[in-house]
A.B. asks: 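The structure that follows is given in the form of C-alpha coordinates.
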Amino acid sequence: QQQVKQSPQSLIVQKGGISIINCAYENTAFDYFPWYQQFPGKGPALLIAIRPDVSEKKEGRFTISFNKSAKQFSLHIMDSQPGDSATYFCAASMTTDSWGKLQFGAGTQVVVTP
Amino acid sequence: DTEVTQTPKHLVMGMTNKKSLKCEQHMGHRAMYWYKQKAKKPPELMFVYSYEKLSINESVPSRFSPECPNSSLLNLHLHALQPEDSALYLCASSQDINLNEQFFGPGTRLTVL
(Lines give C-alpha, C1' and ligand atoms only; values in the text may rest on other atoms or scores of the structure.)
Protein backbone atom coordinates (compact mmCIF):
# COMPACT_ATOMS: atom_id res chain seq x y z
CA GLN A 1 0.00 0.00 0.00
CA GLN A 2 1.57 3.21 -1.19
CA GLN A 3 1.53 5.77 1.61
CA VAL A 4 2.55 8.70 -0.57
CA LYS A 5 0.92 9.24 -3.96
CA GLN A 6 2.86 11.30 -6.49
CA SER A 7 1.73 12.83 -9.78
CA PRO A 8 2.28 13.23 -12.63
CA GLN A 9 4.37 10.20 -13.61
CA SER A 10 6.19 12.31 -16.20
CA LEU A 11 6.35 15.93 -17.20
CA ILE A 12 7.74 17.81 -20.18
CA VAL A 13 8.33 21.53 -19.75
CA GLN A 14 10.02 24.15 -21.89
CA LYS A 15 13.11 25.95 -20.71
CA GLY A 16 12.08 28.86 -18.54
CA GLY A 17 8.75 27.28 -17.63
CA ILE A 18 7.46 26.09 -14.27
CA SER A 19 7.48 22.40 -13.32
CA ILE A 20 4.93 21.36 -10.71
CA ILE A 21 4.89 17.95 -9.01
CA ASN A 22 2.25 17.00 -6.48
CA CYS A 23 2.20 14.52 -3.61
CA ALA A 24 -0.57 13.43 -1.27
CA TYR A 25 -0.43 11.41 1.94
CA GLU A 26 -2.89 9.88 4.39
CA ASN A 27 -0.92 9.43 7.61
CA THR A 28 -1.32 12.62 9.65
CA ALA A 29 1.58 11.53 11.86
CA PHE A 30 4.05 12.30 9.05
CA ASP A 31 6.09 15.35 10.04
CA TYR A 32 8.99 15.47 7.59
CA PHE A 33 8.57 15.86 3.84
CA PRO A 34 11.74 15.82 1.68
CA TRP A 35 12.17 15.95 -2.07
CA TYR A 36 14.96 14.05 -3.78
CA GLN A 37 16.41 14.65 -7.26
CA GLN A 38 17.96 11.73 -9.09
CA PHE A 39 19.91 11.79 -12.33
CA PRO A 40 20.27 8.58 -14.38
CA GLY A 41 22.84 6.21 -12.86
CA LYS A 42 23.27 8.36 -9.74
CA GLY A 43 21.97 8.21 -6.20
CA PRO A 44 19.10 10.47 -5.05
CA ALA A 45 20.21 13.86 -3.77
CA LEU A 46 18.26 15.67 -1.08
CA LEU A 47 16.92 18.79 -2.75
CA ILE A 48 14.71 20.51 -0.19
CA ALA A 49 12.56 19.45 2.78
CA ILE A 50 9.72 20.90 4.82
CA ARG A 51 8.04 20.29 8.15
CA PRO A 52 4.30 20.89 8.70
CA ASP A 53 4.75 24.02 10.82
CA VAL A 54 5.42 26.07 7.67
CA SER A 55 3.34 26.34 4.50
CA GLU A 56 6.12 27.18 2.08
CA LYS A 57 9.88 26.85 1.80
CA LYS A 58 12.01 28.26 -0.98
CA GLU A 59 15.59 27.45 -1.92
CA GLY A 60 16.71 29.15 -5.10
CA ARG A 61 14.44 28.08 -7.95
CA PHE A 62 12.88 25.26 -5.90
CA THR A 63 9.83 25.84 -3.69
CA ILE A 64 7.84 23.39 -1.57
CA SER A 65 4.22 24.30 -0.85
CA PHE A 66 2.57 22.43 2.01
CA ASN A 67 -1.17 22.15 2.70
CA LYS A 68 -1.65 20.38 6.03
CA SER A 69 -5.46 20.31 5.92
CA ALA A 70 -5.49 18.79 2.43
CA LYS A 71 -2.58 16.46 3.27
CA GLN A 72 -0.79 17.54 0.13
CA PHE A 73 2.57 19.03 -0.73
CA SER A 74 4.11 20.05 -4.00
CA LEU A 75 7.42 20.97 -5.59
CA HIS A 76 7.63 23.95 -7.93
CA ILE A 77 10.69 24.37 -10.13
CA MET A 78 10.76 27.94 -11.39
CA ASP A 79 12.61 28.96 -14.57
CA SER A 80 13.20 25.27 -15.40
CA GLN A 81 16.54 24.51 -17.07
CA PRO A 82 17.67 21.52 -19.16
CA GLY A 83 19.98 20.61 -16.26
CA ASP A 84 16.87 20.08 -14.11
CA SER A 85 15.92 17.08 -16.26
CA ALA A 86 15.85 14.26 -13.72
CA THR A 87 13.52 12.05 -11.72
CA TYR A 88 12.05 13.67 -8.62
CA PHE A 89 10.82 11.69 -5.62
CA CYS A 90 8.74 13.09 -2.79
CA ALA A 91 8.83 11.30 0.54
CA ALA A 92 7.35 11.47 4.01
CA SER A 93 8.27 10.13 7.42
CA MET A 94 7.56 10.40 11.13
CA THR A 95 10.51 11.72 13.09
CA THR A 96 8.77 11.68 16.45
CA ASP A 97 8.74 7.90 16.47
CA SER A 98 11.82 5.90 17.43
CA TRP A 99 12.19 5.00 13.76
CA GLY A 100 10.73 6.97 10.90
CA LYS A 101 10.96 5.09 7.62
CA LEU A 102 11.05 7.28 4.52
CA GLN A 103 7.94 6.51 2.46
CA PHE A 104 8.70 7.45 -1.14
CA GLY A 105 6.31 8.48 -3.87
CA ALA A 106 6.51 6.65 -7.20
CA GLY A 107 8.62 9.39 -8.82
CA THR A 108 8.17 11.96 -11.59
CA GLN A 109 10.42 12.07 -14.62
CA VAL A 110 10.92 15.69 -15.63
CA VAL A 111 12.25 16.60 -19.07
CA VAL A 112 13.09 20.23 -19.76
CA THR A 113 13.34 20.97 -23.49
CA PRO A 114 15.70 23.68 -24.78
CA ASP B 1 33.51 15.66 4.03
CA THR B 2 29.80 15.66 3.22
CA GLU B 3 29.45 12.64 0.98
CA VAL B 4 28.70 8.97 1.04
CA THR B 5 30.98 6.87 -1.15
CA GLN B 6 30.26 3.43 -2.54
CA THR B 7 32.44 0.84 -4.23
CA PRO B 8 32.43 -0.66 -6.74
CA LYS B 9 30.46 1.51 -9.17
CA HIS B 10 29.52 -1.53 -11.26
CA LEU B 11 29.52 -5.24 -10.44
CA VAL B 12 28.69 -8.23 -12.60
CA MET B 13 28.44 -11.58 -10.85
CA GLY B 14 27.25 -15.08 -11.48
CA MET B 15 24.63 -16.78 -9.35
CA THR B 16 27.28 -18.87 -7.55
CA ASN B 17 29.63 -16.00 -6.77
CA LYS B 18 30.22 -14.24 -3.45
CA LYS B 19 30.85 -10.53 -3.58
CA SER B 20 30.62 -7.50 -1.29
CA LEU B 21 29.47 -3.94 -1.68
CA LYS B 22 31.13 -1.25 0.41
CA CYS B 23 29.87 2.08 1.72
CA GLU B 24 31.73 4.76 3.65
CA GLN B 25 30.79 8.08 5.23
CA HIS B 26 32.83 10.52 7.29
CA MET B 27 30.05 12.86 8.41
CA GLY B 28 29.86 11.34 11.91
CA HIS B 29 26.41 9.94 11.11
CA ARG B 30 25.24 7.17 13.41
CA ALA B 31 22.57 5.67 11.16
CA MET B 32 23.34 3.91 7.87
CA TYR B 33 21.00 2.31 5.37
CA TRP B 34 20.97 -0.07 2.43
CA TYR B 35 18.37 0.45 -0.29
CA LYS B 36 17.64 -1.43 -3.51
CA GLN B 37 16.34 0.49 -6.53
CA LYS B 38 14.92 -0.99 -9.70
CA ALA B 39 14.68 1.06 -12.88
CA LYS B 40 12.01 3.78 -12.78
CA LYS B 41 11.05 2.90 -9.19
CA PRO B 42 11.71 4.57 -5.85
CA PRO B 43 14.37 3.18 -3.51
CA GLU B 44 13.23 0.23 -1.35
CA LEU B 45 14.63 0.00 2.14
CA MET B 46 16.56 -3.19 2.95
CA PHE B 47 18.46 -2.66 6.22
CA VAL B 48 19.05 0.03 8.82
CA TYR B 49 22.00 0.22 11.20
CA SER B 50 21.95 2.49 14.22
CA TYR B 51 25.11 2.92 16.28
CA GLU B 52 26.64 -0.05 14.44
CA LYS B 53 23.79 -2.38 15.41
CA LEU B 54 21.25 -3.79 12.96
CA SER B 55 17.97 -2.09 13.81
CA ILE B 56 15.74 -2.87 10.86
CA ASN B 57 15.67 -5.77 8.41
CA GLU B 58 12.85 -5.33 5.92
CA SER B 59 12.39 -9.08 5.45
CA VAL B 60 15.33 -9.26 3.07
CA PRO B 61 16.36 -12.76 1.82
CA SER B 62 19.38 -14.24 3.61
CA ARG B 63 21.42 -14.17 0.40
CA PHE B 64 21.96 -10.50 1.35
CA SER B 65 24.01 -10.12 4.53
CA PRO B 66 24.81 -6.67 5.93
CA GLU B 67 27.74 -5.83 8.16
CA CYS B 68 28.76 -2.65 9.97
CA PRO B 69 32.45 -2.97 10.97
CA ASN B 70 32.54 0.54 12.46
CA SER B 71 30.58 3.77 12.53
CA SER B 72 31.91 4.90 9.13
CA LEU B 73 31.66 1.68 7.15
CA LEU B 74 28.80 -0.45 5.91
CA ASN B 75 29.13 -3.61 3.83
CA LEU B 76 26.59 -5.73 2.00
CA HIS B 77 27.71 -9.31 1.39
CA LEU B 78 26.11 -11.05 -1.56
CA HIS B 79 25.87 -14.80 -2.10
CA ALA B 80 23.85 -17.02 -4.44
CA LEU B 81 21.97 -14.10 -5.94
CA GLN B 82 19.27 -14.42 -8.57
CA PRO B 83 19.00 -12.45 -11.84
CA GLU B 84 16.02 -10.56 -10.37
CA ASP B 85 18.40 -9.13 -7.75
CA SER B 86 19.99 -7.02 -10.50
CA ALA B 87 19.44 -3.40 -9.45
CA LEU B 88 21.10 -0.21 -8.21
CA TYR B 89 22.13 -0.69 -4.58
CA LEU B 90 22.21 2.53 -2.63
CA CYS B 91 23.78 3.31 0.69
CA ALA B 92 22.57 6.26 2.76
CA SER B 93 23.37 7.81 6.11
CA SER B 94 21.71 10.19 8.53
CA GLN B 95 22.82 11.86 11.73
CA ASP B 96 20.56 9.63 13.78
CA ILE B 97 17.90 7.00 13.09
CA ASN B 98 15.03 9.37 13.80
CA LEU B 99 16.57 12.42 12.17
CA ASN B 100 15.54 11.58 8.67
CA GLU B 101 17.72 13.86 6.55
CA GLN B 102 19.25 10.98 4.65
CA PHE B 103 22.20 11.43 2.31
CA PHE B 104 22.61 8.87 -0.45
CA GLY B 105 25.71 7.54 -2.12
CA PRO B 106 26.02 7.15 -5.90
CA GLY B 107 25.10 3.48 -5.77
CA THR B 108 26.52 0.23 -7.11
CA ARG B 109 24.94 -1.04 -10.34
CA LEU B 110 24.70 -4.83 -9.83
CA THR B 111 24.06 -7.27 -12.65
CA VAL B 112 23.51 -10.94 -11.80
CA LEU B 113 23.97 -13.32 -14.72
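A note on names: the letters A, B, ... follow the listed sequences, proteins ahead of strands, and every chain is numbered from 1.
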A.B. asks: Side chain, backbone, both or neither: which part of A:Gln6 has a heavy atom under 4.5 Å from chain B?
C.D. replies: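 For A:Gln6, there is no contact with chain B at all, as no heavy atom is under 4.5 Å.
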A.B. asks: In this structure, would A:Phe66 and A:Met94 fall into the same cluster of hydrophobic residues linked by side-chain contacts under 4.5 Å?
C.D. replies: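 In one cluster: yes.
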A.B. asks: Do A:Leu102 and B:Tyr35 touch side chain to side chain, with heavy atoms closer than 4.5 Å?
C.D. replies: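 A side-chain contact exists here, since the closest heavy-atom pair is under 4.5 Å.
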A.B. asks: A quick test of your reading: do over 12 heavy atoms of other residues, nucleotides or ligands sit less than 6.0 Å from CD of B:Gln82?
C.D. replies: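 Buried by this count: over 12 neighbours within 6.0 Å.
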A.B. asks: Are more than 12 heavy atoms from other residues, nucleotides or ligands located less than 6.0 Å from atom NZ of B:Lys38?
C.D. replies: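 Enclosed.
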A.B. asks: Treat each ILVMFWY residue as a node, draw an edge where side-chain heavy atoms are under 4.5 Å apart, and state whether A:Val54 and A:Leu47 are in one component.
C.D. replies: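 Linked, A:Val54 and A:Leu47 end up in one cluster.
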A.B. asks: With chain B as the partner chain, list the residues of residues 33-40 of chain A whose heavy atoms fall under 4.5 Å from it, by residue number, and write 'none' if nothing qualifies.
C.D. replies: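 If one takes a 4.5 Å heavy-atom cut-off, the residues of residues 33-40 of chain A near chain B are A:Tyr36, A:Gln38.
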A.B. asks: What do you reckon, is CD of B:Glu84 surrounded by more than 12 foreign heavy atoms closer than 6.0 Å?
C.D. replies: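 Above 12, so yes.
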A.B. asks: For the residue pair B:Leu90 and A:Pro44, what are the closest heavy atoms and their distance?
C.D. replies: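 What the structure gives for the nearest pair is CD1-CD, 3.7 Å.
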A.B. asks: Less than 4.5 Å to any heavy atom of chain A: does that hold for the side chain of B:Gln37, its backbone, both, or neither?
C.D. replies: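 Side chain only.
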A.B. asks: Treating Ile, Leu, Val, Met, Phe, Trp and Tyr as nodes and any side-chain heavy-atom pair under 4.5 angstrom as an edge, say whether B:Leu45 and B:Phe104 lie in one connected cluster.
C.D. replies: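 Yes: a chain of side-chain contacts under 4.5 Å links B:Leu45 to B:Phe104.
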A.B. asks: Answer yes or no: does atom CD1 of A:Ile12 have more than 12 heavy-atom neighbours from other residues, nucleotides or ligands under 6.0 Å?
C.D. replies: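 Atom CD1 in A:Ile12 is not packed in, count stays at 12 or less.
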A.B. asks: Are there more than 12 heavy atoms of other residues, nucleotides or ligands under 6.0 Å from atom CD of B:Glu67?
C.D. replies: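 More than 12 within 6.0 Å, yes.
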A.B. asks: Could you check if a side-chain atom of A:Leu46 sits within less than 4.5 angstrom of a side-chain atom of B:Glu101, using non-hydrogen atoms only?
C.D. replies: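 Sidechains of B:Glu101 and A:Leu46: in contact.
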A.B. asks: Counting only heavy atoms not in A:Glu26, do more than 12 fall under 6.0 Å of its CD?
C.D. replies: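 Atom CD in A:Glu26 is not packed in, count stays at 12 or less.
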A.B. asks: What is the minimum heavy-atom distance between A:Phe89 and B:Pro42, and which atoms define it?
C.D. replies: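 Closest pair (atom of A:Phe89, atom of B:Pro42, distance): CE2-CA, 3.4 Å.
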A.B. asks: Chain B heavy atoms under 4.5 Å from A:Ala49: which part of the residue, side chain, backbone, both or neither?
C.D. replies: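 No part of it gets close to chain B.
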